[in-house]
Every structure is written in structure tokens, then in C-alpha cells.
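Here's the structure, in C-alpha cells; my notes come after.
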Amino acid sequence: MTNGTIPARDALDDKVNRLFAGKVVRKDLVRKVKVGANVPVFVLEFLLGKYCASSDEVAIQMGLQVVNDTLANNYIRPDESGKAQSKVKENGKYTFIDKVKVRLVDSDYWAEAVNFGNKFLHIPSRYVRDYERLLMGGVWAQLDMRFESDEEAGGKNPFWIDKLTPIQIATFDLDEYRRVRRELTTDEWVDLMVRSMGYEPGGMTRRLKLLFLVRLILLAERNYNLVELGPRGTGKSYVIQEVSPYAALLTGPTTIANLFGHMGGRQKGMVQIWDVVGFDEIVDLQKMPKEVITTMKTYCESGTFQRGQEAASGDASIAMFGNTNQPVDVMVQTGHLFAPMPDVIRDDMAFIDRLHFYLPGWEIPKMRNDLFTDHYGFVVDYLAEALRELRKHNFTEIIDRHFSLGSHLNARDRKAVRKTVSGLVKIVFPHGEVTQEELGEILELAIEGRRRVKEQLKKMGAFEYYHTSFSYTLQDTGEERFVGVPEQGGRDLISTDPLPPGTVYTAGANSDGSVGLYRVEVSVSTGTGKLKLAGGVAGAMKESVQRAFSYVQTKKSDLGIGHDLDTSDLHVEVIDLLNNHVEAEVGVAFFVASYSALRKAPVSPALLVLGDMSVQGNIKALRSLVEPLQVAMDNGAKRALVPIENKRTFLDVSADIVEHVDPIFYGDPRTAAMKVLGGS
């Protein structure tokens with residue numbers, strides 16, 4: 001639309017104006033008014049819905065004039081607080097639009113109108129009872145204010161709120177909403193929902209439309225946990241900030257009392273008051289107390305939490321938004337897709353495992369003018385009420401009509417997938433009438449979003465998350481379909497190219513099943529036979545390297561490296577490839593790397609060296625082979641040097657690993673080195 005011309009209406013515009021008369025608004029009008037008024041979209045659309053919800057251009061222009069006049073005369077800009085207070089005083093009373101917060105001081109409620117600039121407004125207590133959100137973050141409302149000097153207080157607090165009207169529709173008829181949904185095709189309805197968010201679906205793929213709609217699940221599904229990480233400028237937090245008056249967005253660290261309420265239940269927390277609590281710029285949460293994350297972990301699992309002796313619950317969905325600073329292919333190759341998270345969250349894998357869906361923000365385009373629609377969509381206030389009403393309903397069992405979930409999905413995975421499907425069904429099929437094909441499309445997206453979470457946990461080296469071959473089965477045919485993630489590319493941290501002498505890959509597992517993957521690098525300099533360790537070599541790893549070095553010193557002549565060792569120093573560095581700080585004993589890998597460096601002979605490519613050794617060269621078997629070999633295979637290993645003592649436990653290794661990773665068994669350090677050194 002250019003030069004103020006009226007945008008061309010299409011068939012969908014005509015249809016929704018007929019079916020939802022008074023409940024849809026032309027979205028270009030919102031942007032026109034928004035430019036001049038820094039108010040949330042749901043406030044603007046409240047006014048536009050009141051005065052411009054029409055398809056008659058003359059009525060729209062007249063209504064637009066009323067909206068602009070209302071904003072000019074009744075909306076207070078932050079820099080006009082003095083002028084607004086003066087209007088109330090001079091006129092005795094005045095009506096305006098502002099955000100109102102309430103707090104309890106001693107035994108009295110005091111309201112604050114944010115832009116009006118006064119924190120001591122008298123407010124009838126019935127409003128505090130009726131609208132709890134006044135106490136938690138505040139509510140946008142139309143206020144009838146009067147001026148009356150309070151003589152008892154020495155004339156200090158003369159402003160009184162006579163009437164408070166929250167900016168949200170009074171009633172919503174779900175039966176009518178569902179009935180009218182039947183009048184539109186699925187494609188028409190999806191486009192209407194995307195337009196209601198302010199975007200133009202015309203040039204979008206079906207997948208992109210559905211990704212936009214996933215953002216709405218937070219408003220439609222109770223206790224839904226979503227993470228969206230992606231480039232800046234893609235409107236990640238738009239839905240929470242602008243679309244619904246029932247959502248709250250935090251832009252920094254918060255306290256446990258703010259989120260979960262005060263001890264003894266004196267004041268409710270945000271998760272009990274709001275439908276959605278979003279965390280913008282999650283990197284800033286690094287400063288958040290650990291106890292907040294711990295409590296949130298319990299809440300994200302069950303919707304319950306403990307405050308002192310009291311157990312409490314909430315319905316709020318949790319959303320986390322953050323910016324990625326690298327292209328997704330670089331993130332996939334060099335790390336994992338939770339890298340932008342702060343340590344306080346990233347290091348808590350159990351918390352990450354409670355996320356139901358990872359929305360790939362890198363697939364959402366940056367906001368440009370041509371992405372915004374000039375067509376009709378629901379007044380967002382109406383849409384917010386529809387989604388809020390649908391929170392009471394449950395579609396988590398709907399997939400059982402046609403499908404069953406695969407064996408790799410554990411209980412938490414199944415819950416996540418079911419909640420995503422339920423949310424999308426409420427958004428796209430609120431009447432519950434969905435074909436097998438349409439349900440299959442939603443199910444695949446739900447599985448993909450959950451698998452993205454599990455794939456990253458797997459990359460972070462926790463073996464308990466290794467079952468990621470997510471699938472579903474069609475009940476009528478028995479066909480099993482596997483669902484991948486588009487950015488799945490393996491990392492191949494173990495190079496298949498020849499390595500320089502002195503470089504060896506190794507792995508180790510903790511008792512909890514976490515696996516560390518390492519590259520041991522030994523370099524040689526002129527010296528007197530000393531061992532020099534880099535800063536990262538510590539704990540059990542350092543001890544295992546020192547034991548192996550003692551063996552090398554004792555056996556240097558037998559190994560044929562006596563002269564080389566006496567005139568050289570060995571410098572050792574161990575690179576943590578998964579960056580997950582798993583304690584590993586790397587004695588044999590160090591021995592092979594040292595032998596390789598001193599003999600100037602590289603080890604075989606794509607090789608993993610497993611095992612530890614005593615000072616006398618006795619080989620220690622691994623606690624378990626399965627986890628290290630799985631990690632190694634996933635990262636490009638083609639063969640593994642395995643202690644002979646583990647030959648029996650090799651029977652526990654899956655056929656998939658046996659097929660891809662050839663075992664080379666050894667019984668002593670020298671044999672190990674000889675079997676894998678080229679040209680030695």
C-alpha cells in the first residue's frame with residue numbers, strides 16, 4: 001500500500017468481515033496509529049475495534065479520527081504527566097488511558113498510573129479484588145479520574161479513581177467462535193490467524209506460517225514451556241508484549257518472590273497471576289539467583305512449586321527468548337544450539353529437558369515492511385480472549401485417534417509433543433475437527449520441536465538423552481515415520497583426515513552417564529625429559545597423565561625412545577570438545593600421543609583411544625563402553641582402541657555402533673601404540 005491508497009481487499013477479507021462483523025480490523029490502520037503512539041497493540045486495537053471495526057471506508061476514516069482524538073486527548077505520554085494532572089484538577093474529573101499498578105502500603109491500597117506520574121491514587125478496593133493483575137505488573141485501562149483534596153491527609157493525595165475499565169473485551173462466546181471456524185477452510189483460517197498477528201501470509205511457506213502460530217501456543221496451552229533463539233529483529237517477544245493483556249515480559253533477572261510469590265502466600269507470584277511469563281534477552285539471566293532456576297525447574301515439570309511449608313501451583317506458560325550471534329550452521333558444527341543461554345541455565349540439563357519446544361528462530365525472517373499485512377485480522381483483544389478461553393480445554397489425547405509415538409520418546413518427550421499438538425489444534429482447529437493428514441502435519445512439527453531440545457542435550461554429552469530417533473506410527477497401516485530436524489548435521493568433531501603426530505582423540509564417562517570427548521595434543525620441545533601440563537589438565541585427568549608419564553620414563557629404553565625423551569620436554573594440552581567438563585582418565589591416550597610425538601609418526605585417522613593405565617603399565621578396563629562409543633560414532637569415529645578387558649562388555653554395544661566403529665583390542669600400552677601408529 002502506497003501514497004495513502006486503500007489496500008485492495010481479497011476474498012478472505014470479505015468473508016471474515018461477513019462472519020466476524022465488528023471483531024476484525026484492518027491491520028494497516030494499527031500501524032498507522034502505532035507510529036504516533038507508543039501504546040501496546042491490544043490497546044490500539046481496543047480503540048480501533050470500538051470505532052473502526054467496519055468494511056465501510058467512510059466509517060473507517062471517521063472512526064480513525066475518533067481513535068486519533070482519543071489518543072491525543074486521553075492517552076498520556078510519559079512526558080505529559082504534569083499536563084494530565086492539571087487537566088484533572090482544572091476539570092474536576094477526566095477520562096484517560098494509562099497503565100495502572102497497585103501496591104499495598106500498610107493497610108491501604110494505592111494505585112499508580114504509570115504515565116500520569118502519580119503513585120498515590122485512591123482506588124476502590126473492589127477493583128483490586130476483581131483484577132489481581134493490578135498487583136502484579138499492572139493493567140492497561142481506561143480511567144475515570146476525579147480531583148478532590150483529601151483534607152485528612154493535609155491535601156497531599158487529591159487524585160481518586162472513580163471507575164477503572166480494563167482494556168479487554170467483556171464477553172467471549174466460544175461456541176460462536178467454533179461455529180464460524182467451520183465456515184472457513186484450514187488454509188483460510190491459518191492465513192486469518194497469521195494476519196491477526198499482523199503478518200502477511202501471502203509469500204510465506206506453510207511451514208513458516210505454522211512456526212509463527214507456534215508462538216501463540218503459550219497463550220492457548222497451560223504450563224507450556226517454549227524457547228526461541230534466533231537472530232535479532234525477528235519479533236521473538238512480540239506476541240507476549242503486544243498481542244495479549246494476559247502475558248508479562250521480563251527483561252532482566254527476577255526474584256523468587258516475584259515469580260512464585262511471598263512466603264506464606266501473602267502475595268501471589270507472576271506464574272499464578274499471568275497466563276504467560278516471558279524472559280527476554282535470556283543472556284541477562286546469568287545474574288539470577290540459582291534458587292530461581294531450581295524452583296522454575298520444578299514448576300516447568302509439574303506446574304507446582306514450594307514456598308516455605310506451602311505447596312502452590314500456577315498455570316502460566318514459560319517462554320525464553322534469546323539472540324544467536326552466529327549462523328545456525330556454525331552453531332551446529334562447533335557447538336550446540338543452547339550456546340546463547342546463560343551458564344546458570346545451560347549447565348542445568350534437567351532444566352533444559354523440561355522445555356517442550358525449541359522454535360528455530362533462524363527460520364523466521366527479520367521484520368520488513370512487506371511482511372506486515374494490510375488486510376483484515378481479528379482484533380487482537382478478541383484473539384487473546386479466544387486463546388485464553390481455549391486454555392480450559394484439552395486436546396492432548398487427540399493424536400491417539402490415528403497415531404502412536406515411537407519407542408525413543410520417553411514420558412517427558414511424549415508430554416511435550418502432546419502439549420504442542422494440543423496447542424496447535426486449539427489455534428488451527430478450535431472445533432476439534434481435524435483430518436488424519438492435517439493432524440500428521442501438526443504432529444511432525446511437534447516432534448521436531450521436541451527433538452531439537454533432545455539433540456542439543458545429546459550434543460552436550462549426556463548419554464541419558466541419546467535416544468533421539470523420534471518417530472510415530474500410523475495405526476491404520478502400521479507404517480513408522482521418522483522425524484528429523486533440518487539443521488541436524490553431525491559435527492564430526494573427530495576428523496577423518498590424517499592428524500599431526502602427537503594428536504589423539506579420547507573419551508571418558510562419569511558414573512551418571514555423562515560423556516566427555518577430548519583431543520589430547522602432545523608437542524615436543526628441546527629439554528631434559530620434563531612433563532609440562534597446560535592449565536586445563538586437572539583432577540583425575542592430571543593424575544592419569546602423570547601415571548602414564550611415570551611408565552614412559554621407566555620403560556623409555558624398552559620403548560626405543562630413551563634418547564628422544566632425555567633431550568625433550570613433553571607439553572600436554574587436552575581440548576574439551578563437548579565443553580561439558582566431564583572428568584576423564586586419559587592415560588592410554590596420553591601414552592599413545594607421546595609415543596606418536598616422539599617417533600614423529602601420526603596415529604590412524606578417525607580413531608578413538610580408550611582406557612587408562614597404572615604406573616606399571618597395567619591397563620584399566622572402562623566402566624562402560626556403550627556411552628563413549630556412541631558419542632564417538634556420532635562425532636565421526638571409524639575405529640576405537642579398546643582394552644582387551646572390555647571385550648566381554650562389547651556385547652552390550654548396539655549393532656549400529658558395531659557397524660560403524662571397528663574395535664581394535666589391546667592388552668598393554670606398547671601394543672596399543674603399535675597397532676595404531678602409521679609408519680612406526
Side-chain angles (χ1 to χ4, degrees), residues 461 463 494 502-522 531-534 536-556 558-559 561 570-578 580-598 603-604 607-632 635 637 639-650 652-653 661 663-677:
F463 191 74
I494 296 174
T503 305
V504 166
Y505 294 105
T506 187
N510 267 350
S511 54
D512 67 357
S514 301
V515 181
L517 187 63
Y518 297 94
R519 188 170 70 244
V520 179
E521 297 181 357
V522 175
L531 176 67
K532 298 194 172 176
L533 300 173
V537 185
M541 184 183 289
K542 180 178 180 180
E543 290 171 17
S544 67
V545 168
Q546 288 172 331
R547 285 196 302 271
F549 184 66
S550 296
Y551 173 79
V552 171
Q553 284 180 311
T554 307
K555 299 288 184 180
K556 60 187 176 186
D558 297 348
L559 294 167
I561 54 173
L570 298 184
H571 300 261
V572 186
E573 187 170 5
V574 181
I575 290 95
D576 187 347
L577 297 174
L578 295 175
N580 59 352
H581 316 297
V582 169
E583 283 274 303
E585 296 178 323
V586 298
V588 176
F590 165 75
F591 173 80
V592 172
S594 301
Y595 196 74
S596 161
L598 290 164
V603 300
S604 312
L607 170 81
L608 185 77
V609 176
L610 296 174
D612 194 25
M613 57 194 283
S614 71
V615 175
Q616 295 181 336
N618 295 315
I619 302 301
K620 299 180 181 179
L622 281 83
R623 189 185 298 109
S624 171
L625 268 183
V626 177
E627 295 90 345
L629 288 180
Q630 177 77 56
V631 173
N635 286 285
R639 56 192 67 80
L641 201 56
V642 179
I644 194 85
E645 286 83 355
N646 284 109
K647 198 160 192 177
R648 278 187 184 168
T649 57
F650 201 76
D652 299 332
V653 174
V661 183
I664 304 166
F665 294 104
Y666 70 93
D668 63 81
R670 182 174 185 144
T671 305
M674 293 303 179
K675 283 191 171 185
V676 297
L677 254 61

Below 4.5 Å, heavy atoms only, C-beta onward: do [X] and [Y] meet side chain to side chain?
X      : Y      : answer
Val545 : Leu531 : yes
Val588 : Pro669 : no
Tyr666 : Val676 : no
Leu622 : Pro643 : yes
Val582 : Asp576 : no
Thr554 : Val615 : no
Phe590 : Val537 : no
Leu625 : Leu610 : yes

[X] [atom1] to [Y] [atom2] distance, which is reported to the nearest 0.5 Å:
X      : Y      : atom1 : atom2 : value
Leu577 : Tyr505 : CG    : OH    : 7.0 Å
Asn646 : Arg623 : CG    : CZ    : 11.5 Å
Met613 : Glu585 : CE    : CD    : 12.5 Å
Glu627 : Leu629 : CD    : CG    : 9.5 Å
Thr503 : Leu607 : OG1   : CG    : 12.0 Å

Is the side chain of [X] donor-acceptor paired with the backbone N or O of [Y] at a distance under 3.5 Å, no angle test?
X      : Y      : answer
Asp668 : Thr671 : yes
Thr506 : Val609 : yes
Lys647 : Val642 : no
Glu583 : Ala540 : yes
Arg547 : Gly587 : no
Arg639 : Ser604 : no
Asp612 : Lys620 : no

Under the criterion side chain to side chain contact (heavy atoms under 4.5 Å, CB included), I'd like the reasoning laid out for Phe549 against Leu533: C-alpha separation, chi angles, the key distance, then a yes or no. CA-CA 11 Å; Phe549 184 66; Leu533 300 173; over 6 Å; no

Pair Asp652-Thr649, side chain to side chain donor-acceptor pair (under 3.5 Å): steps then yes or no: CA-CA 6 Å; Asp652 299 332; Thr649 57; 5.5 Å; no

With a cut-off of 6.0 Å (strictly less than), are more than 12 heavy atoms of other residues, nucleotides or ligands near NZ of Lys555?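 Open: at most 12 neighbouring heavy atoms sit under 6.0 Å from NZ of Lys555.
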
Which heavy atom in [X] sits nearest to a heavy atom in [Y], and how many Å separate them?
X      : Y      : result
Ile619 : Glu645 : O-OE2, 3.9 Å
Ile494 : Ala637 : CD1-CB, 3.7 Å
Ile644 : Gly667 : CG2-CA, 4.0 Å
Leu608 : Ala632 : CD2-CB, 3.5 Å
Ser596 : Gly502 : OG-N, 2.7 Å

